[in-house]
Every structure is written in structure tokens, then in C-alpha cells.
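Below you'll find the structure, written out as C-alpha cells, and then a few comments.
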Amino acid sequence: VGLVIGSIIGSGIFVSSSQMSRILPSGSQLIGVWIFAGFMTTLGALTQAELCSRMPVTGGLYTYFRELFGPALGFFYGWANFMIAGSGAIAAIAFIFAGYLGEFVPLWQPPQIWQTWPLTIPYLGILYPAADLGEKLVGSALILFLTALNARGVKLGARLQSASVTAKTLAILIIIFIAFSFAEHGTWQHLARAPSIRSTETSWISLWFLAMGGAFWAYDGWGNIAYVGGEVRNPKKNLPLAILLGTGLVIAIYVLVNLAYIYVLPIEQIGDAPGNRVASSMMNTVLGQRGVTLIAALILLSTFDTVNSSILTNARVYFAMAKDRLFWDGAGVVHPTRHTPSASLWLQGLWSVILLVSGSFDLITSMYVFVNWAFYLMIPISLFVLRKRKQGEYGDTFKVPFYPLLPLGFALFTAVYLIQTLVVDIQAYRAHTQPCIKSLMGIALVLSGLPFYIYLRNSRKTNPRANH
């Protein structure tokens with residue numbers, strides 16, 4: 001259960017609610033979205049658990065997709081991980097680190113005229129690379145520094161990871177305790193619809209789908225849960241219990257944190273939190289600058305370690321792809337003396353910086369969630385394939401309850417979520433309420449790998465070493 005909770009809870013809970021509150025009209029709807037997104041997370045984790053139990057291999061979804069559907073899908077999953085899922089996560093968390101560092105040191109910002117300089121992407125929208133440039137420079141420096149450490153083989157060790165988990169846990173407990181114990185002007189009236197939020201013709205269902213991306217960003221660690229299935233004793237009994245209890249506790253924790261935000265701040269102020277730093281805004285309202293300093297220090301420690309671990313973990317995916325001749329060969333080379341995948345690390349680090357500088361936090365996380373959930377749709381489909389083949393049918397194999405209803409329900413929801421997100425994105429862009437079509441930008445980044453895949457496929461045909 002502890003492993004499940006540790007896999008899911010991350011930095012998203014300290015920023016996502018601000019993004020979501022700019023979309024939703026009331027605190028009660030904000031809570032509703034967090035609960036529903038947590039429920040869908042549970043369905044996805046249970047479905048993936050059976051997939052991993054039936055096919056216990058290393059390499060995660062990249063290996064499953066390559067083995068079940070061929071090298072093309074495996075390549076595009078890995079390419080998506082490089083272009084936005086892995087590198088985007090590194091960039092977004094580095095952005096959070098930089099934002100909370102700004103609570104201690106004022107970050108330089110260029111003149112406003114620079115920040116509004118547009119970079120137009122034909123048919124997709126406009127980017128503002130110089131906006132929040134101070135945060136982007138700090139985040140870029142963090143990414144390059146930690147990439148250099150990992151490339152040199154410097155291990156920051158388990159103590160930092162342990163301190164990170166402790167910091168994250170303390171931050172959550174402090175937010176809940178301070179809000180409900182010291183907020184003199186806290187009120188549950190903030191759960192009601194905010195009168196100052198303009199009326200909209202958009203249905204509440206569309207608003208929920210639009211806001212769910214922020215919650216899915218915070219819950220996204222669920223993709224790592226099922227990979228421990230092979231290490232669990234009596235997985236048929238214990239794995240679903242761990243997933244249900246673990247995700248249930250995470251939902252409860254996230255709801256409590258959001259209730260703390262809402263109790264102290266009205267929905268408009270949550271949405272207007274500078275740099276999405278809603279945790280700092282809440283602490284500042286209750287305790288002033290001392291509260292901001294405390295919570296920012298804990299979040300800095302947590303995000304520093306998360307960026308570091310993400311850099312090393314994701315680089316291994318491209319390293320494995322290169323060994324399978326599904327990526328640039330140089331990414332599969334190990335440094336002769338340091339024994340690290342240094343080329344893979346630096347390739348990832350440089351692209352993460354490009355993502356960070358060119359985009360915004362909202363854009364990066366929106367593309368990340370959309371692209372990841374597009375591939376999550378393949379999880380139940382993969383399970384249906386394995387069931388039909390009767391692959392991995394052993395006495396202790398974990399089987400998802402209520403099959404096929406549960407994985408089918410997850411697949412249908414995911415498909416509807418992707419379509420609805422795409423439609424609402426296009427509508428918002430046409431209505432000039434957002435500068436770009438975020439979901440289409442994510443799709444474009446994934447499809448950019450098509451020429452590279454064609455080249456690799458042709459080289460595999462002409463080069464016998466490709467078929468080793």
C-alpha cells in the first residue's frame with residue numbers, strides 16, 4: 001500500500017488545483033473532479049495490473065506494445081516518451097521547482113514586451129517562449145546540472161529520495177493541519193459557485209473533461225504501480241487489495257488537501273495563485289511569509305529529487321530502444337569509464353530544456369496528459385489480446401475483477417476523454433480563450449517520429465545487425 005501511495009503522490013497536488021480552478025465554477029465541482037479522476041485512475045491501475053501479471057517483463061509499456069503489436073507501436077510509445085511524456089515531465093517539474101524557488105529569491109524577468117513576443121506554429125497556435133523566462137532559465141539550469149551529475153555517474157543516493165518522500169508527506173500534512181487549525185476566516189461557503197465567475201454556455205460535463213487533465217497530471221504515477229506485481233506475494237489476492245487501498249488513500253489525501261485550499265481561499269483566488277503556486281497562496285493567507293517559506297522549502301526538496309530520478313529513469317527507455325534499433329544508435333552507447341548512458345541522458349536533457357523554454361507549464365502538462373492517455377487506451381486492448389491468447393494463465397495470475405466490464409469501461413472513458421479534450425481544445429482556440437490547440441500539439445510531437453521510424457525500418461531491412 002505504501003508503495004502504491006509513493007508511486008502516485010507527486011508535485012502536481014501543489015499546483016494542479018490552480019489550473020483546474022480557472023475552468024471550474026465552484027469548489028464543490030473541483031472536489032468532484034478530483035474524486036472522479038481518482039476513480040478512473042483505480043480502474044486503469046487494476047487493468048494494468050493483470051497485464052503485468054500475465055506478461056512479467058522489464059521495460060514497461062514500451063515492451064508490451066512492441067511484443068504484442070509489433071515494433072511500430074513500441075517505437076511511437078518510446079518516441080512519445082522522448083518528445084513529451086518523459087521529457088515533458090522533467091520540464092514541468094523543473095518549472096515547479098523554479099516557481100517555488102522564487103519564493104526565496106526574486107527571479108529576473110525580461111521586459112513585458114519581450115514576454116509577449118509570439119512564436120506562431122501554423123495551424124496549431126502561438127507560443128510565448130520569453131514568458132516566465134526567469135522560471136524557465138532556473139528550471140533549465142536544474143535539468144542540465146542534474147543531467148551532468150547522472151552522466152558522470154554521480155548517485156545522489158537513497159537518502160535524498162527518503163528525504164524527498166518525507167518532505168512531500170510533511171508538506172501535505174502541514175497544509176491540511178494549518179488550514180483547519182489556524183485559518184481564522186476559513187469558510188465552507190467557498191464550495192458554492194463563485195458569483196464573480198462569468199457564466200458560460202459550456203456544459204458542466206465539458207468543463208469536467210477539460211479540468212480533469214490537471215487531476216490526471218497529479219495522479220499519473222499510477223502507471224508505475226502494476227510493475228511491482230511480480231514482486232508481490234500471492235498477487236491474486238494482495239495486488240488488488242494494495243491498489244484499492246493505496247489509490248483510495250491517495251484520493252482521500254488529495255481531497256483533503258483541496259478542501260484545505262477551498263476552506264481558506266475562494267475558487268477565484270485558487271485560480272489566480274501566482275505561478276499556480278496554490279500551496280504558497282494558502283499558507284500566505286493563514287501564516288504570512290513564514291508559512292510560505294516553510295512550504296516552499298519542502299516542495300523544493302521534493303521536486304529536486306523528482307527531477308533527478310525522472311532524468312535517470314526515462315533515459316533508460318531510449319537506451320533500451322537504441323539497443324532494439326528503434327532509436328538513434330548513439331543513445332545505446334555506454335560511457336567507457338563512467339558506465340552511464342551519457343548520450344541518452346544529454347539528448348533527453350537538451351530536449352527537456354527546449355520544451356521548457358518554448359512552452360508554458362499549462363501547455364507542457366496538457367500535452368503530457370493527452371499523449372499519455374492516448375497510449376493508456378492501449379492497456380485494456382492489450383489485456384483483451386492476452387486474454388484471447390490465454391497467455392500467462394497461471395494459478396496465481398491476478399485477474400481484474402468484473403472482467404470485461406471494468407477494462408471495457410476504462411477503455412470507453414479514455415476514448416471519450418480524448419475526443420472530448422480534442423473538441424474542447426479546438427473550440428477554445430477558435431474562441432480565442434487559449435493561444436494554441438494543446439492536444440493537437442501533443443499529437444504533432446508524436447507524429448514527428450514518423451520519418452525517423454521509416455528511416456529506421458529501412459535501415460533494419462538493409463542492415464543484418466538490425467535483426468539480432
| task | Would you indicate whether the side-chain heavy atoms of L456 and F327 approach each other to under 4.5 Å? | result | no
| query | Can you find a heavy atom in the side chain of M20 that is under 4.5 Å from one in the side chain of W34? | reply | yes
| Student check: side-chain heavy atoms of V33 and L207 closer than 4.5 Å | no
| field | Flag, side chain of S87 to backbone of S352, donor-acceptor distance under 3.5 Å | value | no
| remark: Between the OG1 atom in T414 and the CD1 atom in I379, the distance rounded to the nearest 0.5 Å is 8.5 Å
| said: Parallel, tilted or perpendicular: which one describes the rings of Y417 and F413, with boundaries at 30° and 60°? | reply: parallel
| task | Would you please classify the geometry between the Y376 ring and the W373 ring as parallel, tilted or perpendicular, with 30° and 60° separating the classes? | result | perpendicular
| said: Run Q420 and S206 through side-chain hydrogen bond (donor to acceptor under 3.5 Å, both in side chains) and show every step you take. | reply: CA-CA 7 Å; Q420 181 72 9; S206 296; 2.8 Å; yes
| G359 backbone acceptor or donor facing K136 side chain under 3.5 Å | yes
| request: If a pair satisfies side-chain hydrogen bond (donor to acceptor under 3.5 Å, both in side chains) and one of its residues is in residues 102-123, list it, with sequence neighbours excluded. | output: E103-R277, E103-S280, Q109-E135
| task | Take the angle between the ring planes of F145 and F304 and call it parallel below 30°, perpendicular above 60°, tilted in between. | result | tilted
| request: Answer with yes or no whether the side chains of S26 and S28 bring together a donor and an acceptor at under 3.5 Å. | output: yes
| Taking atom CG of L256 and atom CD1 of I176, what is their separation to the nearest 0.5 Å? | 4.5 Å
| message | Between Y453 and L326, is the side chain to side chain contact (heavy atoms under 4.5 Å, CB included) condition met? List the steps. | response | CA-CA 7 Å; Y453 176 72; L326 288 175; 4.3 Å; yes
| said: For I84 and M441: C-alpha separation, side-chain torsions, deciding distance, then whether side chain to side chain contact (heavy atoms under 4.5 Å, CB included) applies. | reply: CA-CA 10 Å; I84 185 60; M441 281 197 168; over 6 Å; no
| request: Could you pull out the closest heavy-atom pair between S21 and L30, with the gap in Å? | output: OG-CD2, 3.7 Å
| task | Only counting residues at least two apart or in another chain, list the ones meeting side-chain contact (heavy atoms from CB on, under 4.5 Å) with L210. | result | I23, V424
| Is there a donor-acceptor contact under 3.5 Å from the side chain of Q29 to the main chain of L24? | no
| Atom CG in L345, atom CG in L146: separation rounded to 0.5 Å? | 11.0 Å
| With no hydrogens and no angle check, do the side chains of Y77 and N372 hold a donor and an acceptor under 3.5 Å apart? | no
| T42 side chain to G38 main-chain N or O, any donor-acceptor pair under 3.5 Å? | yes
| task | Evaluate the criterion side chain to side chain contact (heavy atoms under 4.5 Å, CB included) for residue pair I96 and F14; output intermediate values, then yes/no. | result | CA-CA 9 Å; I96 297 173; F14 305 118; 5.7 Å; no
| field | Closest non-hydrogen atom pair, T421 against F209 | value | OG1-O, 4.3 Å
| query | Passes side chain to side chain contact (heavy atoms under 4.5 Å, CB included), D425 versus L440? Steps please. | reply | CA-CA 8 Å; D425 248 0; L440 277 184; over 6 Å; no
| Short question: side chain of S439, backbone of F370 - any donor-acceptor pair under 3.5 Å? | no
| note | Interatomic distance, CD1@I251 vs OG1@T41, rounded to 0.5 Å, equals 7.0 Å
| query | What pair of heavy atoms forms the shortest contact from L301 to A167, and how long is it? | reply | CD2-CB, 3.8 Å
| Do NZ/NE/NH1/NH2 and the carboxylate oxygens of R22 and D362 come within less than 4.0 Å? | yes
| task | State whether a side-chain donor-acceptor pair under 3.5 Å links W79 with S448. | result | yes
| request: Look at the side chain of S18 and the backbone N and O of I270, then say whether any donor-acceptor pair between them is shorter than 3.5 Å. | output: yes
| message | Please check: side-chain N/O of W351 versus main-chain N/O of M83, any donor-acceptor pairing under 3.5 Å? | response | yes
| task | Taking the side chain as every heavy atom from C-beta outward, state whether I31 and I262 have any pair of such atoms under 4.5 Å apart. | result | yes
| query | Would one find more than 12 heavy atoms of other residues, nucleotides or ligands at under 6.0 Å from atom CD1 of I454? | reply | yes
| field | Between CG on residue L61 and CG on residue L68, distance to nearest 0.5 Å | value | 10.5 Å
| query | What distance do M283 atom CE and I175 atom CD1 have between them, rounded to the nearest 0.5 Å? | reply | 7.0 Å
| task | Can you see which heavy atom on P380 is nearest to which on T47, and at what distance? | result | CA-CG2, 3.8 Å
| said: Show the nearest heavy-atom pair for residues I299 and A279, with the distance to one decimal. | reply: CD1-CB, 4.2 Å
| field | Residue of the set Y62, Y318, F75 for which ring pair (Phe, Tyr, Trp, His ring centres under 6.0 Å) holds with F82 | value | Y318
| task | Kindly say whether L298 contributes a backbone atom to a donor-acceptor pair with the side chain of S302 at under 3.5 angstrom? | result | no
| Do any N or O atoms from the side chain of S16 and from the backbone of I13 form a donor-acceptor pair under 3.5 angstrom? | no
| Which pair of non-hydrogen atoms, one from G12 and one from W217, has the smallest distance, and what is that distance? | CA-NE1, 3.5 Å
| request: Take Y219 and Y254, measure what ring pair (Phe, Tyr, Trp, His ring centres under 6.0 Å) needs, and give me the verdict at the end. | output: CA-CA 9 Å; Y219 280 117; Y254 279 4; 5.0 Å; yes
| query | Are the side chain of T303 and the backbone of L300 linked by a donor-acceptor contact shorter than 3.5 Å? | reply | yes
| said: Are there over 12 heavy-atom neighbours, none belonging to F39, within less than 6.0 Å of that residue's CZ? | reply: no
